[in-house]
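Numbers restart at 1 for each chain; the letters A, B, ... are given by sequence-line order, proteins then strands.
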Amino acid sequence: MITRLLRSVLVMLGISILVFLIFFATPGADPAARLAGRGASAEALAAVRHEYGLDRSLPVQYGLLMHRLFITGDLTSQVNRGQRVVPAVLRAAPVTLSLAAGAAVIWLLAGLAIGLLAAAREGSGWDRAVTALGLVGISIPVFWLGEVVNLLTQSRLHDSWAFRWVPPLGYQPLLQDPAGWARGLVLPWITLALLYAGVYGRVLRSSLIEAYRQDYIRTARAKGISEARVLLRHALRNALVVVVALFGLDIGALIGGGTLLTEVVFGLRGIGKLTYDALQNLDLPVVMAAVLYASFFVVLANAVVDAVQAALDPRQR
Amino acid sequence: MRAGIAVLAAILLACLLAPLYASRVSGTDPFRSNVNGTAFGTEVLAENTVGLGLGVTPIGPTWRGAYLLGADTQGRDVAARLLYGGRTSLLIAGCATALCLVLAALLGVLSGFVGGAVDTVLAGLLDLLWAFPVYLLAISLSIVLISQDLRIGLLQLTADSLALPVLILGVVYVPYVARPIRAQVLALRRAEFIEAAHATGGAPLHILRRHILPQIWPGLIGFAPVVMAMALLTEAALSVLSIGVQAPAASWGTLIADGQALIYTRPMVAIAPGLAVLATVLALNVVGEAWRASLETRR
């Protein structure tokens, strides 16, 4: 446990250094000009140089940046002068977390259901359909899928019985309006979950089939315990180890990529939309803060997944 | 697998040969706007007097030779832009894949074969990159390279150069390939036939070339379709975020981005390139899957 935490801290340190080097030490370009934006005046450049300590050594610059990002939180946007970046990222975080968590729950449940069914009917048409769904899921550009969902639910078909319940694009806070929160997020959730549900179903299917070939299943059956118990306590538990490992890998792709594009297409003002707007305006402090906070979150989430995995699989303890 | 290869070949040919025939199937040059609504001297104004009569150029799909998929708001032919955008997307993804595989093979073999301190440093770096979410790394690299032209010695990269997305996509997927290669080389180094080769006095480079590289090849090639699939999707994502391919150049990603604002009025602008990406990436994934399955049965 301690070594795992230590490793997470090391990885976060490494990522922060990497991000710092990318933004401040890319050879052949002046970081001040980049931070100040296009066509900045000489005074603006000087102000940026002073603000980020660009005339001092790289380690000092790094320390200064990390201090402003994680301790004082007083890094300000270059485009909306005076807007503090860190509070903006933290304000947007619940939107991103709502989106990611809901989507993950849906795809894990859906993956579990279709994986169990596919394993039970190995080689059937349903089994092949799950394989196909998995392949299509990893091949869809998520932004485009969101556009198609919007076209179906917000355009001419919006007044049909099927989509009348769909609210306009946007986000309602969970605590103020739980029903509106869920209603507004259902389609983004499903959009994201569609990408992953098939893959998870497939992975679960193959590891279940693999598990059923093992000796311990035969032993369990020989002991005379029920089929349901064999499935739940023995086969599924072992198959889930693989699913949890896969989930750990996908958190990064989800927080760093999937939610980013989904937020943009569905007009949810989370960290992804914040990053998107900052990218449009070349507002580098915002991008830096969003990238670092999001990657730290991914590293921590991965540490949690590792712990869950160890709990499931005694071999990894 | 055969179906996948066939689809890939069809898409590749359709896009790469576009300059030869695009003028025959499309209304306009892919990059020139056509707001007065004529194609080949014929008026195409009459198309959209019904329904969502916005603009003067047709909303796709239409069933005539020109404007098969309609036009965007600037009157540019969506079909032509789809074909030319495909060239950009495929070129970027293809070059990025080649770059990624070369870098990954170099790093993986070097790290696994040399071992020692070199391995510790390289493996640590790869682990670090691996833990950094791909899109966030790509965003950091892109925004820095796009906000300012880059000059290193004689090498100069401008913000609208297609080499930028190639470079970025080529780098971010390196750990994905290099880590398994390194593991494979490490395992091979301990294999009996390699130890035997060492014992009989084989020079390290000879062993590397004769015994290790031939074992690495099939796996490395197997990564090509998968990496290219991911590169295509990531290119599209970065272009949507406006940090991929820069206007006036167009790729499938920028077309999907252009189509977002037009999705209710001119849905074809976004739907067509999205389907193109989906078909290409799906075909690549099918081919990759089949290749890996054939490797497994061979073992």
Side-chain angles (χ1 to χ4, degrees), chain A residues 8 10-12 14-15 17-19 22-23 26-31 33-35 37-38 131 135-136 138-148 150-151 154-156 251-258 260-261 264-265 275-276 278-280 282 284 287-288 290-292 294-295 298-299 302, chain B residues 124-125 127-153 155-157 229-230 232-234 236-238 240-243 252-253 256-257 259-260 263-265 267 270-271 273-275 277-286 289:
Chain A
S8 298
L10 267 181
V11 168
M12 290 197 278
I15 288 181
I17 293 177
L18 199 61
V19 170
I22 291 174
F23 280 94
T26 309
D30 176 14
R34 188 183 306 133
L35 280 161
R38 279 192 184 132
T131 303
L135 271 175
V136 172
I138 55 169
S139 307
I140 297 185
V142 62
F143 188 80
W144 175 79
L145 184 63
E147 285 179 353
V148 172
N150 277 342
L151 175 65
Q154 300 281 357
S155 184
R156 262 174 264 181
I251 294 176
L254 182 66
I255 298 290
L260 204 162
L261 297 161
V264 172
V265 74
T275 313
Y276 175 81
L279 289 174
Q280 308 299 310
L282 296 181
L284 268 67
V287 178
M288 262 186 313
V291 164
L292 271 180
S295 11
V298 170
V299 173
N302 263 314
Chain B
L125 266 180
D127 281 352
L128 182 62
L129 279 183
W130 174 259
F132 200 160
V134 164
Y135 280 67
L136 296 179
L137 179 58
I139 285 174
S140 310
L141 288 171
S142 316
I143 188 74
V144 162
L145 294 178
I146 276 170
S147 59
Q148 218 174 14
D149 294 350
L150 196 65
R151 277 187 206 87
I152 306 170
L155 184 75
Q156 184 177 0
L157 278 176
M230 292 191 295
L232 267 174
L233 285 177
T234 310
L238 291 183
V240 164
L241 298 175
S242 79
I243 48 176
W252 283 337
I256 295 176
Q260 196 211 351
I263 189 75
Y264 304 123
T265 51
I271 287 181
L275 283 177
V277 174
L278 175 58
T280 316
V281 174
L282 188 60
L284 283 167
N285 279 328
V286 168
E289 188 109 331

**Asked** Looking only at atom types and distance, does a side-chain atom of A/Asn150 sit under 3.5 Å from a main-chain N or O of A/Val265, one as donor and one as acceptor?
**Response** yes
**Asked** Would you say A/Trp144's side chain and B/Ala270's backbone share a donor-acceptor pair under 3.5 angstrom?
**Response** yes
**Request:** Write down the atom of B/Gln260, the atom of A/Val264, and the distance for their closest heavy-atom approach.
**Result:** NE2-O, 3.8 Å
**Fill in**
So, the part of A/Leu279 with a heavy atom under 4.5 Å from chain B: the answer is both
**Request:** Provide the closest heavy-atom pair for A/Glu147 versus B/Ile256 in the form atom of the first, atom of the second, distance.
**Result:** OE2-O, 3.0 Å
**Request:** Select one option (side chain, backbone, both, neither) describing which atoms of A/Ile138 are under 4.5 Å from chain B's heavy atoms.
**Result:** both
**Message:** Below 4.5 Å, heavy-atom pairs only: which of A/Val11, A/Val148, A/Ile15 has the largest tally toward chain B?
**Reply:** A/Ile15
**Message:** Rounded to the nearest 0.5 Å, what separates atom CG in A/Leu145 from atom CG in B/Leu278?
**Reply:** 9.5 Å
**Request:** Count the heavy-atom pairs under 4.5 Å between each of B/Leu232, B/Ile271, B/Ile243, B/Val134 and chain A, then report the option with the highest count.
**Result:** B/Ile271
**Asked** Checking A/Leu135 against chain B: side chain, backbone, both or neither under 4.5 Å from a heavy atom?
**Response** both
**Message:** Given heavy-atom pairs under 4.5 angstrom as the criterion, report whether the side chain, backbone, both or neither of A/Leu260 touches chain B.
**Reply:** side chain
**Request:** Could you check if a side-chain atom of B/Leu241 sits within less than 4.5 angstrom of a side-chain atom of A/Thr275, using non-hydrogen atoms only?
**Result:** no
**Request:** State, to 0.1 Å, how close A/Val291 and B/Ser140 come at their nearest heavy-atom pair, and which atoms those are.
**Result:** CG1-OG, 3.5 Å
**Request:** Using a cut-off of under 4.5 Å on heavy-atom pairs, state which of A/Leu292, A/Val298, A/Val287, A/Leu261 scores highest against chain B.
**Result:** A/Leu261
**Asked** Does any heavy atom of chain A fall under 4.5 Å from the side chain of B/Ala229, the backbone, both, or neither of them?
**Response** neither
**Request:** Below 4.5 Å from any heavy atom of chain B, which atoms of A/Val136 appear? Answer side chain, backbone, both or neither.
**Result:** both
